[in-house]
Each structure stands twice: as C-alpha cells, then as structure tokens.
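Here it is, the structure in full.
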Amino acid sequence: MTLKPRFLSSIAALAIAALLVPSSTRAQTVSLRMQGFLPSALSTQKAFEEFAKVVNEKSGGKLVINVLPVGGAVGVTETISAIQAGVLDGHHTCAVFHAAKEPGFGVLDTGPTFDTVEQRDRWFTDGDGVTLLRELYAQFGMHYVGNVFWQVEHIPSRKPLNGIADLKGLKIRVPPGLVSDMLSKAGAAVVNIAGGDVFTALQSGVIDAADWSSPSMNIDSGLHKVAKYSVNASHSLPACEIAVSKAKWDAIPPDLKKLFEAEVRAMSAKVKDTIIASDKAALEKLKADGVQVITWPKEEVNKLRAVTWEVQDQFAARSPMAKKIVESLRSFQKNTAR
C-alpha cells in the first residue's frame, strides 16, 4: 500500500509533537500496592496512608501508591514472599518480622545496644545502616528506601521490674526472635501467645508481663487497665522501614524516586513527632490511672546489653549478613557512646 504525502506529513507531525511532550507526561503511571504492619486506626498506619496520598498528588498521578493495613493481603511476616510473588509491590514493616528468612533482619531489633533512640537513628544517617539494609533487601529482589522512626518500647507488667534480676521466672509474652531469646537468656519464662490474647492473659495472670509497644500504643490496647507497671528497660528498639520490589523501583523515573525518598523522610519525621507527643501524654495518663512508670538505671540496662550481645553473637553465627550488621552496630555504638 502506498501512503499519500499528506498522510506521511501528518504522521511526521504527530511524531514531532510526541517528542515535544515532556518525558514526565509521556511516562506511564507506576502503581505500587504496599502493606503496612499496623491496623488502620493507629497513627503510624495513618501516616503511611498520608504518605501515599502526598506522593500521588505531588507526582501528578504518575506514581500511585495503594496502601493496605496489616493483614490486608497477607500476614505481617509474609510480605516479603508476597512481594516476590507479585501480590504486593512493597511494604512498611519492622525488620524483625522477617528474621525467619534471614537472621540479619533479626538483629535489627537492637534493644539496649544503643544508649538512645537518636544514637540508633544516626546509625542510618551517619553509619552503615542504609548500605547494609540495601544489601540485605537485595537478597530478596527488593530495594530498601529508608528508615521510619520507631520509639523504644515499654513492658506492661503486673509486677515491678527494677532490674535484670527481676526478669528471673517472669512469665512474659514475647514474639519469637532476638528479644525473645534475650529475655529467656536473662531468666524470663517466655510465653508465645497471639497479640489478641495478651489483655486476657494479663488479666487472668497467665502471664506477668508482655513485650508490646510504646506507652501510647499500650494504652490504645488497654493493657494499663490490667498491668499496673510500665517498664522502660530499653529491651526492644526495632528498626522499621519502607522497601519495595527492585523491579518496581527500577521502573520509577529518577525525579519520582527522589520524591518517594523525600516523602519517606517526611513520613518518618511525622511519625517521630506523633509518637513522642503521644507517648508523653500517655505517660501522664498512666500515672494518673495509678500505673507506676519504671525506667531502668544505666547499670541495669548495661547488664541487659551484655546479654543482648551474647544473643546477637548467636544470630551473627547464622549468616554473613547478620555478622556484618552486628559488627557495624557495635562499632557505631562504641564510637558514638556518650
């Protein structure tokens, strides 16, 4: 078939017009389906949803993120497998949920390794944190985007816990992982029960205490009604992060990658402000409700740190990645200790 000159000129005009359209306009929309690790009602999940909304708006609809709460697609420990299978494209999670896949994830609940939350967060900004997390996630065909703030956790307890000696024989609910091994090694009787059963177990005396979350989230769960001690032993300080499928990340244009990264940092800052303010108010409410808040002195935290390092050594022996992370955490702590 012979094309007429006018038709050919029309095709040429369309081709030139297409070239003149900005690349961001011509680019296809990239959609990400991501799951969080908390229910929709909690502030951290709301911040995740707001992050997605802002990215959608600032990208002009070119980067669309659809957010699910915990369990929206799969269980909290199954998101990496779901991402590899294409069921999800990314997640907001805490690394320790995936310790069964790679011990390197497990040692990222640093517990009392660091003196403060700020020191731990500086491991990401000034230390090897980002590099090592990217190497860790790359094993699973994923790209680590960035850290999201998490606060040191408290132990709701029916008994006063003033130091490591009080852990001996304590019946405490702890999920499997490094913290569970650490508390067990310190003498506690670790009980693994579902999160939904913790309130009843505390109320009935089946357990004496629970490894749970920050004071504000403990109040949201009502645990202060049956556990009249809130203990800050620096026992648990998990790293939380956002990571996505490497294939999906590679499909995002460079300018939108920068937007994504900037909004992860903004989300982390918002979560930090919200949790700190909420925990401050929560501690006042706990005291008003007759709950005794106990903060361990440094010498007791150091005793727990020694036990934590023993357990970290056990994790480090299980994989080269875990060994690299443990060595980096300790080196940074030593070099930045107050």
Measure the CD-CG distance between Gln119 and Asp126 for me, rounded to the nearest 0.5 Å.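 Between atom CD of Gln119 and atom CG of Asp126 there are 11.0 Å.
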Is a side-chain donor or acceptor of Asn66 paired with a backbone partner of Met34 at a separation under 3.5 angstrom? no
Could you check Val307 against Ile164 for side-chain contact (heavy atoms from CB on, under 4.5 Å), going step by step and ending with a plain yes or no? CA-CA 10 Å; Val307 176; Ile164 195 168; 4.0 Å; yes
Taking the side chain as every heavy atom from C-beta outward, state whether Leu178 and Leu108 have any atom pair closer than 4.5 Å.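 Leu178 does not reach Leu108 side chain to side chain.
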Please tell me whether Leu286 and Leu202 are part of a single hydrophobic cluster in this structure, the criterion being side-chain heavy atoms less than 4.5 Å apart. no
How long is the span from the CZ atom in Arg330 to the CZ atom in Arg305, to the nearest 0.5 Å?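 One gets 10.5 Å once the value is rounded to the nearest 0.5 Å.
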Given Tyr144 and Asn147, is the side-chain contact (heavy atoms from CB on, under 4.5 Å) satisfied, shown in steps? CA-CA 9 Å; Tyr144 167 86; Asn147 178 54; 3.4 Å; yes
Ignoring hydrogens and angles, tell me if any N or O in the side chain of Ser184 forms a donor-acceptor pair with the backbone of Ser180 under 3.5 Å. no
Please say yes or no: joined through hydrophobic side-chain contacts below 4.5 Å, possibly via intermediate residues, are Val191 and Leu183 part of one cluster?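 Val191 and Leu183: separate clusters.
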Are Met142 and Met321 linked, directly or through intermediate hydrophobic residues, by side-chain heavy-atom contacts shorter than 4.5 Å (ILVMFWY only)?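 In one cluster with Met321: Met142, yes.
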Decide yes or no on side-chain contact (heavy atoms from CB on, under 4.5 Å) for Thr125 and Val130, but give the supporting numbers first. CA-CA 7 Å; Thr125 58; Val130 171; over 6 Å; no
I'd like to know if the side chain of Thr113 reaches the main chain of Thr110, judged simply by a donor and an acceptor atom lying under 3.5 Å from each other, with no hydrogens or angles considered. yes
Are the side chains of His91 and Ile83 in contact, using a 4.5 Å heavy-atom criterion? yes
Do Thr44 and Met217 touch side chain to side chain, with heavy atoms closer than 4.5 Å?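 Result yes, sub-4.5 Å side-chain heavy-atom pair found.
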From Ile294 atom CD1 to Asn232 atom CG, the distance as rounded to the nearest 0.5 Å: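 Between atom CD1 of Ile294 and atom CG of Asn232 there are 10.5 Å.
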For residues Asp121 and Phe114, determine if any side-chain heavy atom of one lies less than 4.5 Å from a side-chain heavy atom of the other. no
Joint hydrophobic cluster, Val74 plus Ile65, side-chain heavy atoms closer than 4.5 Å: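 Result: no, two separate clusters.
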Mind checking whether Leu283 and His154 have side chains closer than 4.5 Å, heavy atoms only? yes
Distance from Lys323 atom NZ to Gln312 atom CD, nearest 0.5 Å?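 Taking NZ in Lys323 and CD in Gln312, the distance rounds to 13.0 Å.
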Check the side chains of Ser216 and Asp279 for a donor-acceptor pair under 3.5 angstrom, ignoring hydrogens and angles. yes
For Pro160, is there any backbone N or O sitting under 3.5 Å from a side-chain donor or acceptor partner on Ser157?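 No: the side chain of Ser157 does not pair with the backbone of Pro160.
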Give me each pair satisfying ring pair (Phe, Tyr, Trp, His ring centres under 6.0 Å) with a member in residues 287-320, each pair once, sequence neighbours excluded. none
What distance do Ser328 atom OG and Gln333 atom CD have between them, rounded to the nearest 0.5 Å? 12.0 Å
Do any N or O atoms from the side chain of Ser268 and from the backbone of Phe149 form a donor-acceptor pair under 3.5 angstrom? yes
Is there a donor-acceptor pair under 3.5 Å between the side chain of Thr274 and the backbone N or O of Lys270? yes
With no hydrogens and no angle check, do the side chains of Glu153 and Ser236 hold a donor and an acceptor under 3.5 Å apart? yes
Determine, for Lys159 against Asp208, whether the closest basic-nitrogen to carboxylate-oxygen distance falls under 4.0 angstrom.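 So Lys159 pairs with Asp208 through a salt bridge.
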Contact check, side chains of Leu223 and Val198, non-hydrogen atoms, under 4.5 Å: yes
side-chain hydrogen bond (donor to acceptor under 3.5 Å, both in side chains) pairs, two or more places apart, involving residues 280-293: Lys285-Asp289
Closest approach of Asn162 and Glu300, non-hydrogen atoms and distance? O-CG, 3.9 Å
Any side-chain heavy atom of Phe51 sitting closer than 4.5 Å to one from Ile242? yes
Can you name the nearest heavy-atom pair linking Gly106 to Ala99, along with the distance? CA-CB, 3.5 Å
Can we say Glu102 and Arg318 salt-bridge, meaning some charged N sits less than 4.0 Å from an Asp/Glu carboxylate O?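 Looking at Glu102 and Arg318, the cut-off is not met.
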Determine whether Val96 and Val179 fall in the same hydrophobic cluster, where Ile, Leu, Val, Met, Phe, Trp and Tyr are linked whenever their side-chain heavy atoms lie under 4.5 Å apart. no
Using a strict 4.0 Å threshold on nitrogen-to-oxygen distance, state whether Glu50 and Lys46 make a salt bridge. no
Sub-6.0 Å ring centroid separation between Phe37 and Phe48: no
Please answer whether the main-chain N or O of Phe260 pairs with a side-chain N or O of Lys58 as donor and acceptor at a distance below 3.5 Å.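 No, the answer is negative, given that no donor and acceptor are paired below the 3.5 Å cut-off.
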N/O donor-acceptor pair under 3.5 Å between Asp197 side chain and Ile193 backbone: no
Listed partners of Lys272 passing salt bridge (Lys or Arg N to Asp or Glu O under 4.0 Å), at least two apart: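 So Lys272 forms no salt bridge (Lys or Arg N to Asp or Glu O under 4.0 Å) with any residue.
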Shortest non-hydrogen contact between Pro175 and Asp211, atoms and distance: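 What the structure gives for the nearest pair is CD-OD2, 3.4 Å.
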For the residue pair His143 and Tyr137, is the inter-centroid distance of their aromatic rings smaller than 6.0 Å?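 Here the rings of Tyr137 and His143 have centres that are no less than 6.0 Å from each other.
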Quick one: are His235 and Val301 in side-chain contact, heavy atoms under 4.5 Å?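 The answer is no, as the side chains (C-beta and beyond) never meet within the 4.5 Å cut-off.
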Shortest non-hydrogen separation from Ala209 to Ile155 and the atoms involved: CB-CG2, 3.8 Å
Got a second to check how far Thr116's OG1 is from Arg122's CZ, nearest 0.5 Å? 7.5 Å
What pair of heavy atoms forms the shortest contact from Ala210 to Ile207, and how long is it? CB-CD1, 4.4 Å
Using 30° and 60° as the class boundaries, would you call the ring planes of Phe105 and His98 parallel, tilted or perpendicular? perpendicular
Are a donor atom and an acceptor atom from the side chains of Thr308 and Lys185 found within less than 3.5 Å of each other?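 Result is no, nothing qualifies.
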If you take all heavy atoms of Phe199 and Gly222, which pair is closest and at what distance?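 Looks like CE1-O, 3.2 Å.
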Ignoring hydrogens and angles, tell me if any N or O in the side chain of Arg33 forms a donor-acceptor pair with the backbone of Gly86 under 3.5 Å. no
Backbone N/O of Gly75 and side chain of Thr79: donor-acceptor pair under 3.5 Å: no
